[in-house]
Amino acid sequence: MLVTARARMMRGTRRLGVALPIENLAKYTQFGWAVASIGLFAGLWELAWALGYANPLLLPPPHIFLSNMSRTLSYFDNSDAIGGTAASSGLVGLLMTCVFTTLRVVTGLALGFVLGVAAGALIHYVTLARNLLTPLILLLAPISPVAWLPVSIFLFGIGNVPAIFLVFITLFFAITLSTVAQLETVPRSYLNVARIMGASERQTFLRVVLPSILPSLFVTLRLNLFAAWMVVLIAEAVGVGSGLGQITSVARSTFNAQLTFFTMGIIGLLGFFFDWSLRQIQARLLWWVAPNGGRR
Amino acid sequence: MSAETVTLQHVGKTWCPVGRPSVEALRDFSIDIEPGEFIVLLGPSGCGKSTLLYMLAGLEDISTGTIREGGREITGPSPDRGLIFQEAALFPWLTIAQNVSFGLSIQGLGSKECEQRARELLRSVGLGGLMDKKPDELSGGMRQRAACARALAMRPKLLMMDEPFAALDVQTRAKMQDFLLQLWQDSGASIVLVTHSIDEAIALADRVVVFTARPGTVKTIVPIDIPRPRASRDPRVHELRDQFTELLADEVDRAFAEQEAL
Ligand SMILES: Nc1ncnc2c1ncn2[C@@H]1O[C@H](COP(=O)(O)OP(=O)(O)O)[C@@H](O)[C@H]1O
Ligand SMILES: [Mg+2]
């Protein structure tokens with residue numbers, strides 16, 4: 001049902017996109033500004049270096065930390081093994097490092113989202129669960145995910161799981177609380193329509209309740225995305241021994257400024273790409289919600 | 001359609017909200033709704049009209065008395081008894097067509113048949129070209145038509161409407177009243193419509209049930225046997241309007257007096 005409607009909507013927008021070159025123009029302008037914005041920053045940095053204000057060993061400007069690519073890339077390792085050294089070409093290693101970090105974030109977010117909604121629903125619908133869990137969750141929610149780092153290592157040792165766990169923790173409580181709050185606001189008339197039509201409890205939840213709370217849950221997800229992205233780097237630096245976080249940790253301990261800035265650039269790009277993908281998913285999955293949150 | 005009389009006997013409802021004093025919304029309310037009849041419930045706000053509809057729909061328990069359809073007591077909601085709200089309550093995540101066929105798909109009809117039925121229904125309420133629109137993209141009157149189509153999809157024997165046109169402007173309102181009369185004649189369902197507009201009551205009803213102030217009960221039942229469409233210049237309509245104005249004024253006065261006494 002949703003799928004066909006979505007496809008129909010998308011076909012509609014695509015047709016619109018072709019019919020209106022103005023829209024493309026706006027996109028190019030936006031891209032132009034992005035280039036100008038980054039160019040301005042890089043230019044100032046390069047200027048500071050040219051004037052001798054930026055020490056190339058500590059603050060190497062872009063043309064330096066991008067020039068020594070092959071040496072920088074040799075730190076990236078495609079085996080995702082702890083303390084491994086590059087075996088094959090560095091570019092593959094770089095890609096694999098990004099993929100592993102991304103997978104940890106995605107897995108953690110997916111688990112946090114699904115289990116958070118489940119916990120929220122449990123609290124909303126089951127009185128015993130509400131009484132038992134609410135105080136606990138209110139107590140645990142404000143604890144910074146970083147504080148969970150030792151716990152996750154005690155629990156899961158060194159490896160993938162503690163990193164995923166930290167991302168999970170970052171999202172889980174936020175989604176749980178958001179779900180509980182949103183479930184209160186599902187309009188009574190929606191539920192009444194479902195009841196009159198003879199919907200089972202399961203049908204009501206999946207086809208009425210869930211779609212009506214999904215837009216807000218997605219906002220919560222996006223708000224916590226950057227936190228999750230930060231937390232995974234910390235976990236990788238300390239408890240995993242691989243991934244982008246590990247590279248920054250190596251760069252710090254070896255005073256490798258070129259590697260530091262290069263990795264920072266990669267992290268920034270990945271984070272941006274992540275948020276963009278989520279926005280795309282949001283636009284397709286939640287096609288009925290106008291992009292700016294308001295009504296059309 | 002084997003329509004049966006819906007009988008309300010001594011129906012009463014006391015709301016007991018947690019942490020607030022209980023409210024007796026309805027008391028000793030009795031009426032028979034004949035098959036195919038158009039009943040309008042008219043009364044000051046807060047007199048329990050919505051409460052009565054919700055119980056008739058089976059969405060709320062009754063405190064005292066019985067509601068029967070044929071011989072059977074009404075214990076829960078059923079697609080046989082459709083309810084239409086003041087705000088159309090269409091689901092924003094479904095297209096108009098999917099909204100209209102929501103009940104059918106809940107009952108297990110395949111998506112092809114659903115689309116087919118939605119197309120017929122939407123055409124019958126004058127929204128044939130708007131299958132793929134979002135509810136947001138429709139005007140208030142169109143949304144109410146779509147809500148009607150959604151209820152009609154279940155072929156209800158009884159259609160209940162809670163101030164369905166209250167949020168519409170005067171011109172749209174008049175159009176929707178004509179639309180509703182047509183729909184009522186085509187479907188053969190009984191209709192119970194709540195309004196606080198005297199003109200609406202006179203334009204539509206076979207019988208108008210005038211409520212007392214809270215706790216609501218039947219003040220009088222006024223049959224209207226003027227053939228439709230009823231011109232507002234008709235002297236009999238004038239007479240009725242005066243009669244209803246007087247009946248309602250009494251109740252509004254009583255409600256005010258009661259509030260001042262508190
Ligand atoms: N769900 C509810 N819980 C508690 N009190 C209610 C509820 N619904 C209605 N009431 C009370 O019952 C009375 C009648 O309300 P209602 O049936 O909505 O009147 P009307 O539709 O005629 O304006 C009001 O005093 C209202 O506050
Ligand atoms: Mg009401």
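Throughout, a chain's letter reflects where its sequence line sits, starting with A, and its residues are numbered from 1.
- A cation-pi arrangement is not found for A:Arg207 relative to B:Phe91, the charged atom failing to lie both closer than 6.0 Å to the ring centre and inside a 45° cone about the ring normal.
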Practice prompt. Test salt bridge (Lys or Arg N to Asp or Glu O under 4.0 Å) on B:Arg117 and B:Glu120 and set out the steps.
Written response: CA-CA 5 Å; B:Arg117 284 286 290 141; B:Glu120 294 162 14; 3.1 Å; yes

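- For chain A, the nearby part of B:Arg81 is the backbone; its heavy atoms alone come within less than 4.5 Å.
- Neither the backbone nor the side chain of A:Ser200 has a heavy atom closer than 4.5 Å to any heavy atom of chain B.
- Contact count against chain A (heavy-atom pairs under 4.5 Å) is highest for B:Pro79 among B:Ala153, B:Pro79, B:Ala57.
- When side chains are defined from C-beta on, A:Leu278 counts as touching A:Phe218, because their heavy atoms get closer than 4.5 Å.
- For B:Leu90, the part lying near chain A is the backbone, with the side chain staying farther off; criterion is any non-hydrogen pair under 4.5 Å.
- Judged purely by distance below 3.5 Å, without hydrogens or angles, the side chains of B:Glu163 and B:Thr195 never pair a donor atom with an acceptor atom.
- Side chains of B:Asp162 and B:Ser50: a donor-acceptor N/O pair is present below 3.5 angstrom, by distance only.
- With chain B as the partner, the residue from A:Leu214, A:Val193, A:Ile196 showing the most heavy-atom pairs under 4.5 Å is A:Ile196.
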